[in-house]
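Working notes, beginning with the structure itself.
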Amino acid sequence: MSGGQLTFALPKGRILGPATALLRSAGVDLGEVGQTKDRRLMFDRPGGGRVLLVKPSDVPTYVEHGVADVGVVGSDTLREQSWDLYEPVDLGLGACRLAVAEARDRPARLRRGMALRVATKYPNLTRRHYRSRGISPEIIPLYGSVELGAITGLADQIVDLVESGETLRQNRLVEVETLMHVTSRLIVHPASLKRQPASVAQLIDALRAAVGDDAANQSPKAVATP
């Protein structure tokens, strides 16, 4: 059984089902997680350790502060902030892209030095993207239905996650640029590599086997600092 007595931080929402299925296929005993209809946020794992169910954007916080040894989180969340963590495995879950979109009938026509309003829940990634093009945008933070920012004219463009693009099409928005491709990653607290090296190594090997990982992920790597 992989995972030893590690504590896992897992994201609530759409990724939880695929994440727990992948972990179980890798031999991780998650106990009752996903098998009950109660609203518990913390579960004891058989044999030791726990599972914490947290908001996706909070997963790195629980791992970095040592409350959890390992976690599953999207690469968009990892790149938005700086974290002292390792991400040894790309789990391939929740594949989508972080993209720029705008109203079909109001193209922004970007040019250096222009005034531009951009709605997003990724202010750091967004600011870096536009500044690389000579634009210092006004960031309008939105955390739900970001598309509405472009529909109503609140923003000239939006930066948001796109999966199929159907929501954009139905709201007469067009995707104009991709900032990054996004998948979920396994993250590990550096201290956990020292405290429970065998358990962490076993988990990494089991997940690599489960996702068909290759030599590109043969050693833990630090999360990139923005």
Side-chain angles (χ1 to χ4, degrees), residues 11-16 18-19 54-61 64 71-83 85 87 89-187 211 216-217 221-226:
K12 296 186 292 183
R14 69 185 185 93
I15 296 298
L16 181 60
V54 305
K55 185 177 179 180
S57 58
D58 290 339
V59 170
T61 301
E64 185 173 65
V72 173
V73 65
S75 54
D76 54 325
T77 299
L78 293 175
R79 301 297 175 261
E80 173 63 15
Q81 297 188 42
S82 300
W83 304 100
L85 301 169
E87 49 167 297
V89 188
D90 183 344
L91 303 175
L93 302 175
C96 55
R97 58 196 177 276
L98 186 63
V100 178
E102 63 187 13
R104 187 180 302 164
D105 59 353
R106 294 196 309 274
R109 296 189 174 90
L110 301 185
R111 61 189 182 279
R112 294 181 67 85
M114 71 180 293
L116 187 74
R117 294 170 301 165
V118 184
T120 186
K121 63 179 178 180
Y122 299 96
N124 295 323
L125 284 168
T126 298
R127 193 172 286 109
R128 290 198 297 272
H129 170 73
Y130 284 98
R131 284 181 175 173
S132 71
R133 286 153 177 74
I135 300 170
S136 295
E138 176 189 350
I139 301 296
I140 301 174
L142 291 179
Y143 297 97
S145 301
V146 177
E147 297 87 356
L148 198 58
I151 295 169
T152 61
L154 174 66
D156 303 301
Q157 293 186 326
I158 63 171
V159 173
D160 199 18
L161 293 179
V162 177
E163 189 171 1
S164 69
E166 185 59 28
T167 300
L168 295 180
R169 287 189 290 273
Q170 289 191 19
N171 288 284
R172 298 184 60 79
L173 302 178
V174 292
E175 183 178 344
V176 296
E177 192 171 5
T178 298
L179 273 68
M180 63 179 290
H181 291 277
V182 176
T183 52
S184 292
R185 311 296 173 91
L186 176 73
I187 56 174
V211 300
N217 278 336
K221 58 183 179 181
V223 173
T225 300

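Computed over heavy atoms, backbone and side chain alike; hydrogens, waters and symmetry mates excluded.
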Nearest 0.5 angstrom please: [X] [atom1] to [Y] [atom2], how far?
{"X": "M180", "Y": "C96", "atom1": "CE", "atom2": "SG", "value": "9.0 Å"}
{"X": "L116", "Y": "R109", "atom1": "CG", "atom2": "CZ", "value": "13.5 Å"}
{"X": "L110", "Y": "I135", "atom1": "CG", "atom2": "CD1", "value": "4.5 Å"}
{"X": "N171", "Y": "R104", "atom1": "CG", "atom2": "CZ", "value": "10.0 Å"}

Distance-minimising heavy-atom pair for P56 and P60: O-CD, 4.0 Å
Holding to salt bridge (charged side-chain N to carboxylate O under 4.0 Å, His left out), I want the full list of residues that pass it with R131, two or more places apart in sequence or in another chain. none
Got a sec, which residues hit salt bridge (charged side-chain N to carboxylate O under 4.0 Å, His left out) with R133, two or more places apart in sequence or on another chain? E177
Give every residue pair that meets the salt bridge (Lys or Arg N to Asp or Glu O under 4.0 Å) criterion with at least one member in residues 134-146, sequence neighbours excluded. none
By side-chain hydrogen bond (donor to acceptor under 3.5 Å, both in side chains) - contacts of E166 (at least two apart):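 With neighbours one apart ignored, the set is R169, Q170.
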Residues in side-chain hydrogen bond (donor to acceptor under 3.5 Å, both in side chains) with T183, at least two apart?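 Result, side-chain hydrogen bond (donor to acceptor under 3.5 Å, both in side chains) vs T183: D90, R185.
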Indicate yes or no: at least one non-hydrogen side-chain atom of [X] is less than 4.5 angstrom from one of [Y].
{"X": "V100", "Y": "L179", "answer": "yes"}
{"X": "E80", "Y": "T77", "answer": "no"}
{"X": "V73", "Y": "P11", "answer": "no"}
{"X": "Q81", "Y": "E64", "answer": "no"}

Which atom pairs, donor and acceptor, lie under 3.5 Å between side-chain atoms of residues 148-162 and protein residues at least two apart or in another chain?
| from | atom 1 | to | atom 2 | distance (Å) |
| --- | --- | --- | --- | --- |
| T152 | OG1 | L148 | O | 2.9 |
| T152 | OG1 | L154 | N | 3.4 |
| D156 | OD2 | R117 | N | 2.8 |
| Q157 | OE1 | Y130 | OH | 2.6 |
| Q157 | NE2 | E102 | OE1 | 2.8 |

